[in-house]
Amino acid sequence: MADILAQLEPIFRDVLDDPKLHLTRESNAQNVDGWDSLAHINLVSAAEQEFGVRFALGELEELKNVGEMVDLIERKLARA
Amino acid sequence: MNAYRWTDLREGMSHTFEVELTAQMMSAFEALSGDVNPLHADNEFARKAGFPGVVAFGLLTSSFYSQLAGVYLPGRFCLLQGIDVDFVNPAFVGDKLSVTGTIAYLNEAFHRAEIKATIHNGAGQLISKAKIRAGVHERE
């Protein structure tokens with residue numbers, strides 16, 4: 001799980017144009033600068049391509065923070 | 001104009017069109033953008049800078065990426081969300097440009113296509129390359 005979080009961090013840094021961003025399981029659109037609706041689409045698209053998974057819109061709408069995204073990716077990778 | 005719906009699109013779909021860069025386009029873009037840099041208008045200035053003539057505006061040639069997405073791929077139902085573009089080589093008036101885009105990735109959740117695109121001149125030289133992010137809306 002830590003590996004997935006570590007892999008997500010450079011993606012978030014690149015998409016949000018913040019090379020010093022420190023990503024935690026508690027990170028979300030409210031506490032990370034620049035995480036707006038368009039950035040959200042960019043983040044999801046980049047994560048799908050990085051991990052080779054696909055998210056349904058319903059799955060994404062349920063996510064409350066990065067930690068839940070990590071868990072979702074982990075479940076998808078386990079099923080692959 | 002193409003009118004692909006989201007369900008029509010597949011990764012690997014491609015489109016190419018050709019366009020000739022004209023002096024009229026250059027003057028129209030200068031008026032539109034307000035970019036009066038002499039590199040784009042003064043042949044002598046451009047030659048002193050090491051070019052054979054005035055250099056086409058990078059954003060003028062890149063505007064053909066807008067045509068690619070908005071008219072052809074996906075076409076009518078496109079909503080352009082972003083473009084990353086690199087200007088690799090200069091283009092000049094009279095160049096016959098070939099604009100090509102290929103769908104590299106489709107995001108099902110947000111109905112967004114990522115299109116890898118290039119512009120080449122008539123000699124086959126790469127002028128620019130781009131990653132286009134285009135949403136596909138459902139309403140007429």
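When reading the values below, keep in mind they use all heavy atoms of this one structure, side chains included, and skip hydrogens, waters and symmetry mates. Not measured: the values here are computed from a predicted model.
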Which atom of B/Arg112 lies closest to which atom of A/Leu38, heavy atoms considered
NH2-CD1, 3.7 Å
Working to the nearest 0.5 Å, report the span between CG of A/Asn42 and CD of B/Gln81.
7.5 Å
Using the rule that Ile, Leu, Val, Met, Phe, Trp and Tyr join whenever any side-chain heavy atoms are under 4.5 Å apart, tell me whether B/Met1 and B/Tyr65 fall into a single cluster.
yes
Tell me the closest heavy-atom pair linking A/Ser45 and B/Tyr105, and the distance in Å.
CA-OH, 3.3 Å
Can you confirm whether A/Lys76 is buried at NZ, in the sense that more than 12 heavy atoms of other residues, nucleotides or ligands lie under 6.0 Å from that atom?
yes
Are A/Ile41 and B/Asn107 close enough, and set up right, to give a side chain to side chain contact (heavy atoms under 4.5 Å, CB included), and what steps lead you there?
CA-CA 9 Å; A/Ile41 298 174; B/Asn107 184 285; 5.5 Å; no
Looking only at heavy atoms, the pair that brings A/Ala56 and B/Ala109 closest together is C-CB, 4.2 Å
Taking a hydrophobic cluster as the set of Ile, Leu, Val, Met, Phe, Trp and Tyr residues connected by side-chain heavy atoms closer than 4.5 Å, whether directly or through intermediates, do B/Leu79 and B/Trp6 fall within one such cluster?
no
Chain B heavy atoms under 4.5 Å from A/Leu60: which part of the residue, side chain, backbone, both or neither?
side chain
Would a single hydrophobic cluster contain both A/Leu5 and A/Leu77, if residues Ile, Leu, Val, Met, Phe, Trp and Tyr are joined by side-chain heavy-atom contacts under 4.5 Å?
yes
Greatest number of heavy atom pairs closer than 4.5 Å to chain B - which of A/Glu48, A/Gln49, A/His40
A/Gln49
Is there a chain of hydrophobic side chains (I, L, V, M, F, W, Y, each step under 4.5 Å between heavy atoms) that links B/Leu60 to B/Leu32?
no
Determine whether B/Leu59 and B/Val93 fall in the same hydrophobic cluster, where Ile, Leu, Val, Met, Phe, Trp and Tyr are linked whenever their side-chain heavy atoms lie under 4.5 Å apart.
yes
